[in-house]
Amino acid sequence: MIEFLPLVTGAIGGAASAGMFKGPIKTLEDLWYINYGYPSSEKAAKLRKLQEANVKKYADNIAEEISKIKPDKVHEPSLNIMGPALEASKYYIGTEEMRSMFSKLLASSMNEEKDLVLHNYFVEIIKQLSPVDAINLDIMNKVTTAPIAEIRVSSINGSGYQVAHTNFFPANSKTPNTNVVSASLDNLQRLGIVSISYDKSITTRNGINPYDDIEKNPILEMLNLSFEKTKEISTSQISWIKKYQDFDKAYIQKGIVELTQFGRNFCSICIS
């Protein structure tokens, strides 16, 4: 059985302010046991053991976040946040990133300083995020504005271009698959957390080119080498060369990804 009050008072290191937390913590515990107190007997023992471990980590995360609240700013949890968050989070606490976001959201529902930016839709947003989304949000929360690019290939006859790769975002070095990163940014834009534009870019300041990592990426070199090969090798000899036979140059279209105001509010609650 998990009791939050000892966890929280232990984290803040004193009993003097424990009384400030007692009422809100009791509400949290009541809702906690409605959602987590009665594990289903149909679950396999191994899965139940794993879930119990995740629940314990989750409880520790929540207690840690609650302990950061100033005692005079603690209030009864906002039930329209805490109820749906506890209900939803039981399916998402298997990864550290998801546990962290739900823990911060639950603690924020008890924090007067967060009331103005707290939004009940944040529960639904977290449910639609992946661990890669969380990584990208962590990056954006630190900078709010970041360089992004499309890798385009121009046609030989000058009639236009095709996009070889969109939302190229090397700032996320933790995710090796650039297509997954690209899809993640699409999702964050769909949710209204970020905006992406290829009509504007970040200017060079103090001799630092914000697009340097993008321009030096080996993908550009690889594509341009492929175009050179099409001039030397018959497309009948190597089938994959056909993909590039109508193009002669790869280049980047600079762009910018920014947190929206709604995205900044979300990050201030669930990421910071």
Side-chain angles (χ1 to χ4, degrees), residues 4 24-25 27-32 34-36 54-55 57-59 61-66 68-70 73-146 148 167 169 172 175 180-197 256-272:
F4 280 95
I25 291 294
T27 303
L28 167 61
E29 287 178 342
D30 289 343
L31 289 171
W32 178 271
I34 288 173
N35 286 277
Y36 294 107
N54 287 331
V55 167
K57 292 176 184 177
Y58 189 28
N61 289 156
I62 294 171
E64 180 183 356
E65 294 300 330
I66 292 174
K68 298 175 184 178
I69 305 173
K70 297 174 184 177
K73 298 298 181 181
V74 177
H75 60 56
E76 281 290 323
S78 302
L79 295 184
N80 65 324
I81 302 291
M82 183 164 282
L86 283 174
E87 172 63 28
S89 62
K90 68 172 70 174
Y91 305 107
Y92 295 89
I93 60 174
T95 65
E96 181 181 349
E97 294 86 357
M98 298 296 107
R99 280 197 305 272
S100 176
M101 284 191 284
F102 272 114
S103 298
K104 292 177 186 293
L105 178 59
L106 285 167
S108 294
S109 73
M110 302 165 62
N111 187 350
E112 180 183 320
E113 294 182 315
K114 301 288 188 177
D115 286 348
L116 289 178
V117 293
L118 194 63
H119 198 294
N120 55 12
Y121 189 60
F122 289 169
V123 176
E124 297 303 316
I125 287 181
I126 298 177
K127 289 166 59 177
Q128 298 178 66
L129 296 179
S130 71
V132 176
D133 295 333
I135 292 171
N136 284 333
L137 277 177
D138 186 55
I139 294 169
M140 292 304 303
N141 186 47
K142 294 172 182 174
V143 297
T144 69
T145 301
I148 196 172
N167 297 345
F169 189 58
N172 182 350
T175 308
V180 172
V181 175
S182 175
S184 167
L185 291 169
D186 279 340
N187 186 45
L188 295 179
Q189 181 170 238
R190 176 185 68 86
L191 292 170
I193 298 174
V194 304
S195 62
I196 298 172
S197 173
I256 187 171
V257 54
E258 300 175 278
L259 283 177
T260 63
Q261 184 58 59
F262 183 71
R264 293 184 188 196
N265 289 353
F266 176 80
C267 286
S268 73
I269 295 292
C270 301
I271 304 295
S272 295

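- With sequence neighbours left out, P131 forms a side chain to side chain contact (heavy atoms under 4.5 Å, CB included) with T95, E97.
- With a 4.5 Å cut-off on side-chain heavy atoms, I25 and I66 count as touching.
- Judged as a salt bridge (Lys or Arg N to Asp or Glu O under 4.0 Å), the pairs with a partner in residues 100-110 (not counting sequence neighbours) are, in order, E65-K104.
- Counted by atom type alone, N172 and T175 present one or more donor-acceptor pairs between their side chains at under 3.5 Å.
- One N or O on the side chain of K114 and one on the backbone of S268 form a donor-acceptor pair closer than 3.5 Å.
- Residues passing the side chain to side chain donor-acceptor pair (under 3.5 Å) test with Q189, sequence neighbours excluded: none.
- Taking the salt bridge (Lys or Arg N to Asp or Glu O under 4.0 Å) definition, one finds that E96 meets it with nothing, sequence neighbours left out.
- No hydrogens or angles considered: nothing links the side chains of H75 and N111 as a donor-acceptor pair under 3.5 Å.
- Side-chain contact of S103 with Y58: a donor-acceptor pair under 3.5 Å is absent, judged by distance alone.
- No donor-acceptor distance shorter than 3.5 angstrom exists from the side chain of S195 to the backbone of T260, with no hydrogens or angles considered.
- Side-chain contact of N141 with S272: a donor-acceptor pair under 3.5 Å is present, judged by distance alone.
- Remark: T144 engages no residue in a side chain to side chain donor-acceptor pair (under 3.5 Å) (not counting sequence neighbours).
- Partners of D138 according to the salt bridge (Lys or Arg N to Asp or Glu O under 4.0 Å) rule, which considers only residues two or more places apart in sequence or in another chain, are K142.
- Residues passing the salt bridge (Lys or Arg N to Asp or Glu O under 4.0 Å) test with K127 are E124, sequence neighbours excluded.
- A search for side chain to side chain contact (heavy atoms under 4.5 Å, CB included) contacts involving S182 returns H165, T166, N167, not counting sequence neighbours.
- Residues forming a side chain to side chain contact (heavy atoms under 4.5 Å, CB included) with S184 (at least two apart in sequence, or on another chain): V132, D133, N136, L188.
- Partners of F262 by ring pair (Phe, Tyr, Trp, His ring centres under 6.0 Å), not counting sequence neighbours, listed by chain and number: H119, F122.
- For the side chain to side chain donor-acceptor pair (under 3.5 Å) test, no residue two or more places apart in sequence or in another chain qualifies with E112.
- Side-chain contact check for M140 versus F169: some heavy-atom pair is nearer than 4.5 Å.
- Judged as a side chain to side chain donor-acceptor pair (under 3.5 Å), and not counting sequence neighbours, S108 has no contacts.
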